[in-house]
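Please read these numbers as outputs of a predicted model, since none were measured by experiment. Starting from 1, each residue takes its place in the sequence as its number. Order of appearance sets the numbers: ligands from 1, and atoms from 1 within every ligand.
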Amino acid sequence: MEFRHLGRSGLKVSEISYGNWLTHGSQVEEDAAKQCVQAALDEGITTFDTADVYAATKAEEVLGRALKGVRRESLEIFTKVYWPTGPGQNDRGLSRKHITESINGSLRRLQTDYVDLYQAHRFDYETPLEETLKTFDDLVRQGKVLYVGVSEWNADQIAQALKIADEMGFDRIVSNQPQYSMLWRVIEGEIVPLSEKEGIGQIVWSPIGQGVLTGKYLPGQRPPEGSRATDGSGGSAMIARFMNDDVLTRVQELKPIAADLGLSMAQLAVAWVLQNPNVSSAIVGASRPEQVRDNVKAAGVKLDADVLKRIDDVLGSVVERDPAKTQSPSTRP
Ligand SMILES: NC(=O)c1ccc[n+]([C@@H]2O[C@H](COP(=O)([O-])OP(=O)(O)OC[C@H]3O[C@@H](n4cnc5c(N)ncnc54)[C@H](OP(=O)(O)O)[C@@H]3O)[C@@H](O)[C@H]2O)c1
């Protein structure tokens, strides 16, 4: 495994991290979840990403149990707050009340005294930014949270937050967690330039396009049994944007590029996001331990300019680059 700094902070993270959205507590059973975490640890992954909302809070519990007994100092545990965790009007968003209640629930479920990184899972248009940032700062002072970050905030929102933090002396955002893959490059236009200037690192999600970039979904054919595209718990809706014949046909054409490099398609996809020096870590998901073992081999792989050009030529117009696609709900969900 290789390690990178989380933005300009002193924290080092494994350049491949493991995330348990849609898997632990829902798609895969406890034993398989534990095996995936064990495979991640065996392969040198030290950084684990989850969220209060995943599997209606069960994912944090599963991760807490799977990591029990592992030396806490050898791990970086990331979680998030924003999406609803209960039926009440205050069980969501980035108010002082919900953040304070949510972190306490996350720490209990994860069986830890602190998380290394606490992330605002979307921008909350219904809470003053000062209130959110002050609450995050308080959590840092209380030692419940070591670093703060955001997820899917646009460049203006990140810039506003940095300005307020600087004016008020609050802890600064050190990371952003956006979707980023060969197919989804919407951060490159605005967020990456701002982040490079401000010392913010990207912890990117769905680097394998939720499985699409493995090439296992064939144009005109039904998705393989048990794959995310057949999963009823929300995964099939999110993956749908890539499940069209134009995308799937072009992805098949990436196979000779991976083969020439001696890489699997998943490794090529993960290696691709890691070529961007503003990326601190690529979070991979896995429903089976062998997927983790396959994907981690992308650590340290260098892709030269010719390879990057071949990939761009194959994918052509199906690549999404519009910065406006970075969006948070206009009202709380
Ligand atoms: N901040 C946010 O808003 C946000 C949103 C989404 C995700 N995330 C984070 O990012 C993490 C990763 O997201 P993701 O799960 O969508 O990432 P991903 O790595 O692009 O997709 C993972 C899925 O692809 C399939 N897969 C992975 N490796 C494979 C391999 N070698 N061969 C065949 N299939 C393979 C598996 O699904 P199947 O086996 O089921 O097909 C696996 O669950 C999440 O767990 C979460 O921590 C954050």
Does any N or O of ligand 1 fall below 3.5 Å from an N or O anywhere on [X], backbone included?
X	value
Ala266	no
Asn20	yes
Lys216	yes
Gly19	yes
Ser227	no

Please classify the [X] to ligand 1 contact at 4.0 Å (heavy-atom distances, strictly less than): side chain, backbone, both or neither.
X	result
Ser206	both
Trp184	neither
Leu213	neither
Ser287	both
Asp294	side chain
Lys80	side chain
Ala269	neither
Thr214	side chain
Met238	neither

Are Tyr118 and Lys144 linked by a side-chain donor-acceptor pair shorter than 3.5 Å?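 On atom types as modelled, these side chains do not qualify, holding no pair under 3.5 Å.
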
Any side-chain donor near an acceptor of the partner, Gln160 and Lys163, under 3.5 Å: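 No, because no side-chain N or O of Gln160 sits under 3.5 Å from a partner of the opposite role on Lys163.
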
Can you find a heavy atom in the side chain of Asp313 that is under 4.5 Å from one in the side chain of Lys309?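 Side chain of Asp313 against side chain of Lys309, heavy atoms only: contact under 4.5 Å found.
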
Heavy-atom check, side chain of Val174 versus side chain of Leu117, under 4.5 Å: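 Touching, per the 4.5 Å side-chain cut-off.
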
Touching ligand 1 at all, [X]? Heavy atoms, strictly under 4.0 Å?
X	answer
Phe78	no
Glu290	no
Tyr18	no

Measuring centre to centre across the rings, with the benzene-like ring taken for any Trp, is Phe170 within less than 6.0 Å of Phe136?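 No, the ring of Phe170 stays outside the 6.0 Å limit from the ring of Phe136, centre to centre.
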
Measure up the Tyr180 and Trp272 rings against each other and bin them: parallel (under 30°), tilted (30 to 60°), perpendicular (over 60°).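 Ring orientation, 0 to 90° scale: tilted.
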
Determine, for Tyr217 and Arg228, whether the Lys NZ or Arg CZ falls below 6.0 Å from the six-membered ring centre while staying within 45 degrees of the axis.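 No; the conditions do not both hold, so Arg228 does not lie above the ring face of Tyr217.
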
Do Arg250 and Asp246 meet the salt-bridge criterion of a basic N to acidic O distance under 4.0 Å?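 Salt bridge flag = yes for Arg250 with Asp246.
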
